[in-house]
Amino acid sequence: MIMFPFRIPIKDWISAAVDFLVSELGAVFDGFSAFIFFLVNNLKDGMLFVHPLVLIALIAFITWRMAGWQIGLFSVLGLLITENIGLWVSFVETLALVLTAEVLVMIVGLPLGIYAARSDRFNSFIRPILDFMQTMPAFVYLIPAVMFFGLGLVPGVVATFVFALPPLIRLTNLGIRQVPKELTEAADAFGATNMQKLFKVQIPVAKPTIMAGVNQSIMLGLSMVVIAAMIGAGGVGTNVLRGIQRLQVGEGFEAGLVIVIMAIILDRITAGLGQRKKAG
Amino acid sequence: MKEKIEVKNLSKIFGRYPQKALEALKAGMSKAEILKEHKQVVGVDNVSFKVYEREIFVLMGLSGSGKSTLERLLNRLHEPTSGRIIIDGTDITRLGQKELREFRRKHFCGMVFQNFAILPHRNVLENVEFGLELQGVERDKRREQASRVIKQVGLEGNEESYPSELSGGMQQRVGLARGLAVDASIMLMDEAFSALDPLIRRQMQDELLELQEKMQKTIIFVTHDLDEAFRLGDRIAIMKDGRIEQIGTAEQIISKPASDYVRAFVEDMNRAAVLTAGNIMEPMRERAFMGDGPRTILRKIRRNNLTGILVTDTKRELKGYIKASELVDYINEHKDKESIPLDKKLLCQPTRVNKDMPVNEVINAYNENEFGPLAVVDDSDRLEGVIVRGAIISALAGESAGEDDGPGKDTPARLKEKEKK
């Protein structure tokens, strides 16, 4: 039985749109691609330029200050193991990719989150888009990402960005909306400008929630590492993939372990940032 | 008294079609009907009043009466739907956003809130500086000003503490100090002490009155507590359903409630805290003078059926009290003499109360009093009147007592009192 005499050609529209963008805006994408590549690559090269022990000491110091000596000790041990099993370069590649993506997420996500908190209209506009970004299977937009940016690092960063952006926008929005009404009223009553209200009241009070958003987006970004490796983004994800493909359980497990170590370190650092109430 | 704030026909409707609701209000629909039919909420309904310079003006009402809304209209945290608000000669309903901001900075000491609304990420000093910081006052100057105010509200030594480390009362002191640090004349307080426990609350009320003596701000104080309203307010506006039911001093509201609603409210009130000795005293029916002879005095006592009498000099200055029984004994001792002088030993000193003493303290004084009525005196010990036990009882029972009745009227309680004597 045919219910409809026609079929809505969603797939044709999308294909046409992607084709159009690739052919007409190729130069723009190329430029953007080169820029991202430049960022990630320099970050990676910088981190590989110094001796692993220097970087390990630096990371351990940061975790110690942010999350206590236990986590500091854990990161020293975890990173030494990473170096020992020969995954140091992969670790740094992945770290560079995740950090770059996270910086981009913050540059885009914080203003959007703040704007969503101030405008109900914008909030209801952006919510379905965020749902879309979070639930649309990554593989589906991996292909157009490759078409736009070619294989390699850059589509990996973009895919990570797309997946990691929503939680930051959501939690920034939530954090600012949850600032007690009386606090903003107090600011208004004293004659605060909108900017003063935002930077002296709303953002500082919402900071723990915003930092939880940063934390969540880094965690989600890390979960994209393996998928990004499928399009040649490199890093630890490549080692996981290789292990799976060759049925080398041990190698896959080692690479997975390195991802976990990185996740714990980044999680504790960002969680520590959110909890430090008396900062400043 | 100079006018500080004048509010004219001010209304506030919450909802998408305020004008429609406003017309319905003018046509005589009630708040409930408008909510039902137009789905618009009437916050404040055609309110007019004046606030004078340096007074504490209390907005009193139950939740939903529109008192907080009205207060927020005064600095335009809520935009008025219609009406005028004139502060120091400026109609603030006509100000643009930028002018409004300037006006708030210049004229309002921010606002003091029920939940304190101080910034959790700033310490006490930084919180108190907040208003000055927004105005762009430079660091050294605002530090200095904030430190001075911190001292005034009794927070000295807590400058570096964070709000989470402070008790409720201390946090509200920060809220108060933040307002006082700003050099402006109008202070808005929204249920400022309602979240504090009763003892602290009482203490904060006293401190506010004390501060007000020095600071001389114009304070608009919102509360749902009638006791608090009467304690703090120079004048009180009682609100119901967005309207003002009555404006007046505590005495005016208690003695002449303008509506049944106000009367019902006032009935619950602890009258003893509001009425003063002056309200319940009776004028002297008879008194003795220092020049009177013992027999004359005895005649005065007998004529009025009393057990004793108060003695003054010709300038009404209170000299003492003479008991009838002792006077009779004295006269009997000197029966044979033609004229006997009044012996000063006969005079005993009655308990004196000041005209302004609240009735609940008068009760204590009465209980300690060993004989006769309480003598009500002014500051230079001149006799103003007396208080008998019946007057206290009827004051507490809610009858209007004292001056209004005149000396001749005998309430049942007073008759009983007389019989005892």
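Model, not experiment: these values are computed from the prediction. Values below: all heavy atoms of this structure, side chains included; hydrogens, waters and symmetry mates excluded. Convention: sequence-line order gives letters A, B, ...; per-chain numbering from 1.
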B:N115 portion near chain A, given a 4.5 angstrom heavy-atom threshold: both
Interface moiety of B:F103 toward chain A, non-hydrogen atoms closer than 4.5 Å: neither
Exceeds 12 heavy-atom contacts within 6.0 angstrom, atom CG of B:D183: no
B:K214 atom NZ: more than 12 heavy-atom contacts under 6.0 Å: yes
Heavy atoms of other groups near A:F74 CZ, more than 12 under 6.0 Å: yes
Minimal non-hydrogen separation, B:A117 against A:A186, with atom names: O-CB, 4.3 Å
Enclosure of A:R127 CZ (heavy-atom neighbours >12, cutoff 6.0 Å): no
I'd like a table of donor-acceptor pairs (distance under 3.5 Å, sequence neighbours excluded) in which one partner is a side-chain atom from residues 190-200 of chain A, with atom names and distances.
{"from": "A:T193", "atom 1": "OG1", "to": "A:Q196", "atom 2": "N", "distance (Å)": "3.1"}
{"from": "A:Q196", "atom 1": "OE1", "to": "A:T193", "atom 2": "N", "distance (Å)": "2.9"}
{"from": "A:Q196", "atom 1": "OE1", "to": "B:R105", "atom 2": "NH2", "distance (Å)": "3.0"}
{"from": "A:Q196", "atom 1": "NE2", "to": "B:L134", "atom 2": "O", "distance (Å)": "2.9"}
{"from": "A:K197", "atom 1": "NZ", "to": "A:D188", "atom 2": "OD1", "distance (Å)": "3.3"}
{"from": "A:K197", "atom 1": "NZ", "to": "A:D188", "atom 2": "OD2", "distance (Å)": "3.4"}
{"from": "A:K200", "atom 1": "NZ", "to": "B:E133", "atom 2": "OE2", "distance (Å)": "2.6"}

Interchain contact, A:P204 with chain B, by part (heavy-atom threshold 4.5 Å): both
A:F132 atom CZ, neighbour heavy-atom count above 12 within 6.0 Å: no
Which atoms of B:I118 approach chain A - backbone, side chain, both or neither, heavy atom under 4.5 Å: backbone
For B:P120 against A:L183, the heavy-atom pair lying closest together: CD-CD1, 4.3 Å
Per-residue contact mode, B:R76 against chain A (heavy atom under 4.5 angstrom): neither
Greatest number of heavy atom pairs closer than 4.5 Å to chain A - which of B:Q135, B:R72, B:M111: B:R72
Chain A contacts, top residue of B:G131, B:G179, B:G110, B:C109 (heavy-atom pairs, under 4.5 Å): B:G110
From NZ (A:K181) to CG (B:L77), nearest 0.5 Å: 8.5 Å
Point-to-point distance, once rounded to the nearest 0.5 Å, from CD of A:E182 to CD of B:Q114: 7.0 Å
Side chain to side chain donor-acceptor pair (under 3.5 Å) pairs, two or more places apart, involving residues 98-109 of chain A: A:E102-A:S217
